[in-house]
Amino acid sequence: MSEVFNVEEIFGQNVFTLGKMKERLPKNVYKEVVKVMDQGGELSMEAANVVAMAMKEWAVENGATHYTHWFQPLTGITAEKHDSFVAHPDEMGKMLTEFSGKELIKGEPDASSFPSGGLRATFEARGYTAWDITSPAFLKESGCGVTLCIPTAFCSYTGEALDKKTPLLRSMEALSEQALRIVRLFGNTEATKVTASVGPEQEYFLVDEKLYRQRTDLMFAGRTLFGAPAPKGQEMEDHYFGVIRERVGAYMKDLNEELWKLGVTAKTQHNEVAPAQHELAPIYETANIAVDHNQLVMEAMKRVAVHHGMRCLLHEKPYAGVNGSGKHNNWSITTDNGVNLLDPGDTPNENIQFLLVLACILKAVDTHADLLRQSASDVGNDHRLGANEAPPAVISVFLGEQLEDVVRQLIETGAATSVKEGGKLLTGVKTLPDFQKDATDRNRTSPFAFTGNKFEFRMVGSADSIASPNTTLNAIVAEAFCEAADRLEKADDLDLAVHDLIKEYLTEHQRIIFNGDGYSDEWLAEAEKRGLPNIKSMIEAASTITTDKAVKLFERFGIFTKVELESREEIIYETYAKTINIEALAMIDMAGKQIIPAVVKYSKALADTVNTVKAAGADTSVQAELLKEVCENLAAMQTALAKLKKVEAEASAIEDVKKQAFFYKDTVKAVMDELRAPADRLEMIVDKEIWPIPTYGELMFEI
Ligand code: ADP
Ligand code: MG
């Protein structure tokens, strides 16, 4: 039996929690910290010094040697630069560790090599990190030993956000402010804050490390660029929720332990649809902490895999032909006196505040469907959204039977007098209890589904940060709340005005509601008729963030300036071009150095056999036929390889970054497909002993 641990004891062990602060800080300092956490503002330097001292003591007691400001640049992952606690020794050679308040609250990493989209010229390399006091500091255990990590925001010398956290925090404030106006209308004077909560379900693949190392594509691109389908894929539907294999189970156990220590509430684990695909979901929490924690989850998934002789693939589409990975982003909004604004109660038709909130969200999603779609795009996700996979690139909202019926009544008559009940589900077995049914079934094909007391945004990619989708969601809903409040606060008869506004919003934006099969072709045709945007790729979605509509939205609530948005658009093109460039180069490498030489070897063996057989006077037709097929595909590969080299060089020479990105999408990717097709055909013919790279069957089933 492996080592036993107590979940309650280890949970949060590596986090400088509020509890630890209460224990270790003088009362007045602790109070100041809590006040800044709740109400914002700045910690005084005296208080910061005391907190820093306590934090360092705790960290050093737990083996920490270094600290780092941990931040989330526009790469979509996290960044850290470690400083040790080591200070100048005195003349006797004795060293006392150091960590001041100043070092805690502010850092100045030389930031010239992070993507900035032209926001910061390299000669103006200054970037600043500032402690996000609402997200607790934690200890990371890694190959480097133990490091104290301080979650921070990252800005340029001139104050522009260079990260994903700053706009998220700004959007949370905007949403809180506008949502408070709504609840005030309904007499809630107690609430002082409204918080967005997020629970991201993380999908991932595992692959054996030895096999991974033999695949240049996995190592450099995170996905396979060649590979014929395995005899078995996911068609038996036997992997989903299947028994977890021993090796994977041992991995999950260590992963959970590490996450619990970090205060991440890892809750659910199961096998997913594709072979070697799995999922982990934590319990939902405040949006910015959920974003931080999701980064920690992704990091830990990769780190722990290595300890188990495996690699974790977070790419949205590691293997063609089987399910890809996403990240369902569950989102809700709650007042600090405990009201979830998305909770319809048992009689949603009577819950006017809920109906107003719902109408505002439908309006927000319809008005900014383009932005929402953009917020869920990254290079890997292009293989899911808009490709032949779920969910579609068209945004629509699933409400379920009960709510859709309420909305229909409101649109038709201005009032909803009845509500469909869930009723009883009869099991038909005497010894089994009958269930109280939910009023609404689930719908797995909707990109934006109401699921009882939250919305589930299902477009997000598995490798992506969830900061952008949540920033966008918060922003668009804040805008709708603001516009509703502007009108309602002025109304003479509030009841009547609310009633009219709900009816108006629902009528105007009902086209966004769709309860059917989101994967069907009929829906795409229908969506087009309804005028809903269907943006097929990441780079086509990029310009949605700099339209007048988007700039107005984000500037109005102080979430992004126009300059920040323009820089982000540029980074999208850059990231796209660089990623496809790496993929193309990896293909050129594998085709030229591994696959073609192997096929040449095989064709020589075949040709030799033809000669030997012929000399013996026997029939050579089988060998000759095989040889012909091999040579034809080999020629096709060689032609496509030459073409890929040519277009890749052309692409690299394009200076305008937007043009370059589109050239990669429209031209380079097409040639990559031309190169892959004959290679995958050859894989099915060539002797297994000679084929130079592990197959799909090995990658997905040898775990
Ligand atoms: P499923 O796969 O059945 O949709 P999971 O249990 O895998 O459900 O994940 C659901 C996620 O939604 C969890 O992270 C959960 O904590 C989160 N969640 C539940 N209630 C809320 C809520 N009110 N607001 C935000 N997230 C929530
Ligand atoms: Mg799930």
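The figures here come from the full heavy-atom set of this structure, side chains too, leaving out hydrogens, waters and symmetry mates. All residue numbers in this chain count up from 1 along the given sequence. Keep in mind that this is a model prediction, so the values were computed, not measured.
Looking only at distances, no side-chain donor or acceptor of S446 sits under 3.5 Å from a matching main-chain atom of V397. Judged by distance alone, with hydrogens and angles left aside, the side-chain atoms of N633 form no donor-acceptor pair with the main-chain N or O of L682 at under 3.5 Å.
Note on residues 654-693: no pairs pass ring pair (Phe, Tyr, Trp, His ring centres under 6.0 Å), not counting sequence neighbours. Among pairs with a residue in residues 305-315, those fulfilling side chain to side chain donor-acceptor pair (under 3.5 Å) read E209-R311, D254-H308, at least two apart in sequence or across chains. Applying the salt bridge (Lys or Arg N to Asp or Glu O under 4.0 Å) definition to pairs two or more places apart or across chains, those involving residues 614-628 are K628-E632. Screening residues 534-543 for salt bridge (Lys or Arg N to Asp or Glu O under 4.0 Å), with sequence neighbours left out, gives E540-K665.
For the ring pair (Phe, Tyr, Trp, His ring centres under 6.0 Å) criterion with F514, the lone passing option out of W523, F448, F398 is W523.
By the side chain to side chain contact (heavy atoms under 4.5 Å, CB included) test, L211 is found to be paired with D208, Q214, P694, E698, L699, E702, residues two or more places apart in sequence or in another chain being considered. Contacts of K562 classified as side chain to side chain contact (heavy atoms under 4.5 Å, CB included), with partners at least two apart in sequence or in another chain: V551, E555, E566. For the salt bridge (charged side-chain N to carboxylate O under 4.0 Å, His left out) test, no residue two or more places apart in sequence or in another chain qualifies with E203. Residues that satisfy the salt bridge (charged side-chain N to carboxylate O under 4.0 Å, His left out) test with E160, not counting sequence neighbours, are absent from this structure. Every ring-ring contact (aromatic ring centres under 6.0 Å, His included) that F241 has, sequence neighbours left out, goes to H270. In this view, K165 and D132, D292 satisfy the salt bridge (charged side-chain N to carboxylate O under 4.0 Å, His left out) rule, not counting sequence neighbours. Here E80 pairs with T68, W70, H82, K140 under the side chain to side chain contact (heavy atoms under 4.5 Å, CB included) rule; sequence neighbours left out.
Of the N and O atoms on the side chains of Q374 and T544, not one donor lies less than 3.5 Å from an acceptor on the other residue.
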Determine all donor-acceptor pairs shorter than 3.5 Å in which one atom belongs to a side chain in residues 596-608; sequence neighbours excluded.
from	atom 1	to	atom 2	distance (Å)
S603	OG	V599	O	3.2
S603	OG	V600	O	2.8
K604	NZ	D608	OD2	3.0

